[in-house]
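Worksheet: one structure, shown below.
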Protein chains: 2
Amino acid sequence: MRPLFHPALEDIKPEAILYALSDPERAAIYAQLAGAACGNTCSALAELGDRVIPKSSLSNHFKVLRESGLIVSERQGVEMRNQTRCAELDERFPGLIKAILTAYGQIPEQLKTG
Amino acid sequence: MRPLFHPALEDIKPEAILYALSDPERAAIYAQLAGAACGNTCSALAELGDRVIPKSSLSNHFKVLRESGLIVSERQGVEMRNQTRCAELDERFPGLIKAILTAYGQIPEQLKTG
DNA sequence: TCCGTAGTTCAGAAATTCGGAACTGTTGAT
DNA sequence: ATCAACAGTTCCGAATTTCTGAACTACGGA
């Protein structure tokens, strides 16, 4: 497996963020991660709405989120822990993530103040 | 020519907004409109960066912006006046547009306070 | 009526997305 | 050591979307 790519904070592009979150399924995954205290695995999120997301699609969603700079993924044994880069991102693009999650009506408690 | 479709405020979807602005060219057009006091025409924006945007592409960009709810277009004689729906949108998705334009580093004066 | 201008629509090529099947890497059992 | 189970990735073909030149429509002026 290829090593996972994570962009440096300064290389994160707004268009990549917007693109990644313009897919409601990905946005829901991201919102879920933003709400989870600890990192979440891939398969834990396979069933967000009514449909079951195929695992290749899910894997791709995580890749898009990761490479846009929204999340960090780290292999932990057989599975993958995924966490948001909220704090970092808010520094680079103030208010952006919060406004997007609010627009989707998915703002988690942790982000409400700030 | 078919009548132009504009979604009602309550029908505007966050994913459509994000998608529309995830294209840097469209975002630049939108930022330009947001900065212009009066509406702007299509062809006035044909040359934003270094490349000249083909007019069919430009027409499509405006269509995407319009149908996502970001702008209103109105025929005025032979040309088209385009205006943003900033105020309305900010009511529906507080802070979203401002945060996006800020992220792109294109926040116009009019939006800086508020 | 005929021409020029602004923008839209059409259509085919190119690029992207989706998802099943095969594969990789890790853990635990025998 | 070998095997099986599991989490996730990669591959690749089908379906969808995007792009843009060319044709077309709509309006205004001469």
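The sequence lines fix the lettering, A, B, ..., with proteins before strands; numbering per chain opens at 1.
The nearest whole Å value for the distance from the CD atom in B:E74 to the P atom in C:dT8 is 14 Å. Here the C1' atom of nucleotide C:dC18 and the CG atom of A:D23 are 11 Å apart, to the nearest Å. As a whole-Å value, the separation of B:L65 CG from C:dT8 P is 12 Å. Atom CG of B:L58 is separated from atom P of C:dA6 by 12 Å (rounded to the nearest Å). Straight-line distance from the CD1 atom of A:I53 to the C1' atom of C:dG20: 16 Å, rounded to whole Å. For the pair A:E79 CD and C:dT26 P, the computed distance is 14 Å after rounding to whole Å.
Projected onto DNA chain D by closest heavy-atom contact, A:K63 and B:G77 fall at different nucleotides, the more 5' of which corresponds to A:K63. Comparing A:K55 and A:R51 against DNA chain C, the residue whose closest nucleotide sits nearer the 5' end is A:R51.
Under 3.5 Å, the side chain of A:S56 and the base of C:dG20 form at least one donor-acceptor pair of N or O atoms.
Between A:S57 and C:dG19, a side-chain N or O to OP1/OP2 separation shorter than 4.0 Å is present.
A 6.0 Å sphere centred on CD of B:E88 holds more than 12 heavy atoms belonging to other residues, nucleotides or ligands.
Taking the charged nitrogens against the carboxylate oxygens, A:R92 and A:E10 have no contact shorter than 4.0 Å, which rules out a salt bridge.
With hydrophobic clusters built from ILVMFWY side chains whose heavy atoms lie under 4.5 angstrom apart, B:Y30 does not share a cluster with B:M80.
You'll find that the side chain of A:P54 is closest to C:dG19, out of C:dG19, C:dT9, C:dA6. Ranking C:dT9, C:dT26, C:dA6 by closeness to the A:R75 side chain, first place goes to C:dT26.
Remark: A:R26 is not positioned above the aromatic ring of A:F62, lacking an NZ or CZ atom under 6.0 angstrom from the ring centre and at most 45 degrees off the axis.
A:K13 places none of its side-chain heavy atoms less than 4.5 Å from the side chain of B:S22.
Note that the first and last nucleotides of DNA chain D, 5' to 3', having any atom under 4.0 angstrom from a heavy atom of chain B are D:dT18 to D:dG28.
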